[in-house]
Amino acid sequence: MTRTKTPTSPYLLLSITMVLWGSAFSSSKSVVEHLPHSVAALLRFGGAALALLVVVALFGKRFGGQAKPSPRAAGRAALAGIVGVFAYNGFFFWGLSLAPSLDAGVLIPVMSPVLTSLFLLLTRRERASKARLAGLGLGLAGAAIFFLGAGGSAHGSPSRLAGDALFLLSAVCWAAYTLAGPRVLAGVDPLRATTYATCAGALLLGVVAAPDLPDVHWSGLPSAVWLNAAYLALGAAAVANLLYYRGVAAVGPASASLMMFTVPVVNTVCGTLFLGETFGPVQAAGALVLLAGAVLAALHGRLARRKGAPFVSKGEGRGRRVAERC
């Protein structure tokens, strides 16, 4: 099958995604400061679900690729949303109520590629090497140092440590969501896959948030909360998740996960400038070790696949064939 040229580079789409996600951590934190974490999560993805449904209704045939995916394919996308939208954001917003957004912006985007690479190696979908194993070990050691700083340094506290543990669970969910991407995209186009996943996750987030909704004083919320909620729903959720799935379809989960390393930079700038958050020295050291290990593990695996015979996992192959058809 002939590969058709796409008008936009998938790496440009992924770069835009990472900027949107990187700024979303501090934006989410500002919302959580005024709302219960369950309600904040619902606002973000409930709004995103509505926006995506409108896009599908208006432009589905133009950008969707496939008009009517099979019920099985749609079901797989919805199941992916339970992990990548509901579980991920449930842990994420809960963690934000306990810890700074800076911690989330390091642990989630950096640990996600580490966990993705670790799973691919354990399942023999990618090759192991001494350098890559060393990178994974270094990344895990950096995470341990980071957690030590969260709980025991001058800037740490039991609350911050608990929040960081929830961020780690978010990273596990996102790694699973990324790995499921090519399988989901094998039967449904990125627009509808994102829509089904977001709607399924938003429904469950609504169930969790229902008991907290009556306690919210909606008329007393500052305008900044509504602006941040709108940005999170439209930009950091609807647009970013759509661009991410299109990127995964084009380059596969391993390559897409490499782009996550730009998120901590964007998040650190936003958290420092807008929220005045800081790292303790132990956490800063742990973050650097974690980032170095994650880059070594992910990049060495990527270079190894290019250097030797092409090695494409079964899931990535399906995802790339979808990209060729779009």
Side-chain angles (χ1 to χ4, degrees), residues 13-59 81 84-86 88-106 108-109 163 166-167 170 174 194-195 197-199 201-203 205-206 208-210 212-244 262-278:
L13 298 180
L14 288 170
S15 297
I16 296 172
T17 300
M18 300 310 148
V19 172
L20 292 171
W21 281 345
S23 59
F25 291 100
S26 57
S27 185
S28 298
K29 179 68 174 180
S30 65
V31 174
V32 169
E33 289 177 346
H34 295 87
L35 290 169
H37 60 83
S38 60
V39 177
L42 175 61
L43 283 181
R44 176 174 179 176
F45 280 91
L50 292 176
L52 286 169
L53 287 172
V54 171
V55 172
V56 169
L58 296 178
F59 308 107
V85 177
F86 170 64
Y88 168 86
N89 284 282
F91 292 132
F92 169 61
F93 278 93
W94 188 4
L96 280 179
S97 68
L98 301 172
S101 65
L102 284 183
D103 293 13
V106 170
I108 296 175
L166 291 168
F167 295 148
S170 292
W174 191 256
T194 305
T195 302
T198 303
C199 289
L203 285 174
L205 288 172
V208 174
D212 297 322
L213 290 174
D215 298 330
V216 177
H217 183 49
W218 298 101
S219 60
L221 293 176
S223 58
V225 173
W226 292 109
L227 291 175
N228 276 292
Y231 170 72
L232 290 171
L234 299 177
V239 173
N241 283 17
L242 173 59
L243 296 183
Y244 185 70
T262 61
V263 173
V265 178
V266 178
N267 171 70
T268 299
V269 172
C270 293
T272 302
L273 290 179
F274 300 125
L275 300 179
E277 297 177 341
T278 59

Smallest separation among heavy atoms of G271 and L102, with atom names: CA-CD2, 4.2 Å
Ignoring hydrogens and angles, tell me if any N or O in the side chain of E277 forms a donor-acceptor pair with the backbone of P100 under 3.5 Å. no
So, for A209 and L42, which heavy atoms are closest and what is the spacing to 0.1 Å? CB-CD2, 3.9 Å
First locate atom OG of S28, then atom CH2 of W21, and finally report the distance between them rounded to the nearest 0.5 Å. 12.5 Å
What verdict does the side-chain contact (heavy atoms from CB on, under 4.5 Å) test give for C199 and T195, after you've listed the backbone C-alpha separation in whole Å, the side-chain angles of each residue and the deciding distance to 0.1 Å? CA-CA 6 Å; C199 289; T195 302; 4.1 Å; yes
Taking the side chain as everything from C-beta on, heavy atoms only, tell me whether T278 gets closer than 4.5 Å to T272. no
Yes or no on side-chain contact (heavy atoms from CB on, under 4.5 Å) for Y88 and I108, after CA distance, side-chain angles and deciding distance? CA-CA 10 Å; Y88 168 86; I108 296 175; 3.7 Å; yes
Heavy-atom check, side chain of L273 versus side chain of V269, under 4.5 Å: yes
From CG (L98) to CG (D103), nearest 0.5 Å: 11.0 Å
By side-chain contact (heavy atoms from CB on, under 4.5 Å), which residues pair with S97, not counting sequence neighbours? V32, H37, W94
Nearest 0.5 Å, what's the CE-CG distance between M18 and L13? 10.5 Å
So, do F25 and P109 sit near enough that their side-chain heavy atoms are less than 4.5 Å apart? yes
Could you pull out every donor-acceptor pair under 3.5 Å between side chains of residues 226-235 and any protein atom, sequence neighbours left out?
unit_1: N228; atom_1: OD1; unit_2: S27; atom_2: OG; d: 2.6
unit_1: N228; atom_1: ND2; unit_2: S30; atom_2: OG; d: 3.4
unit_1: N228; atom_1: ND2; unit_2: A224; atom_2: O; d: 2.8
unit_1: Y231; atom_1: OH; unit_2: S23; atom_2: OG; d: 2.5

I need the minimum non-hydrogen distance between G201 and V85, along with the two atoms involved. CA-CG1, 3.7 Å
Can you find a pair of side-chain heavy atoms, one from P36 and one from D215, that are under 4.5 Å apart? no
Between W174 and F92, is the gap from one ring center to the other below 6.0 Å? no
Contact summary for A40 and V31, nearest pair of heavy atoms: CB-CG1, 3.8 Å
Walk me through whether L213 and W218 qualify under side-chain contact (heavy atoms from CB on, under 4.5 Å). CA-CA 9 Å; L213 290 174; W218 298 101; 3.9 Å; yes
Expected output: side-chain K29 to main-chain L96 donor-acceptor under 3.5 Å: yes
side-chain contact (heavy atoms from CB on, under 4.5 Å) assessment of Y244 paired with L20: CA-CA 11 Å; Y244 185 70; L20 292 171; over 6 Å; no
Grab the two heavy atoms, one from L243 and one from L14, that are nearest each other, plus how far apart they are. O-CD2, 4.5 Å
Closest approach of N267 to S26 (non-hydrogen atoms, all atoms of both residues): OD1-N, 4.2 Å
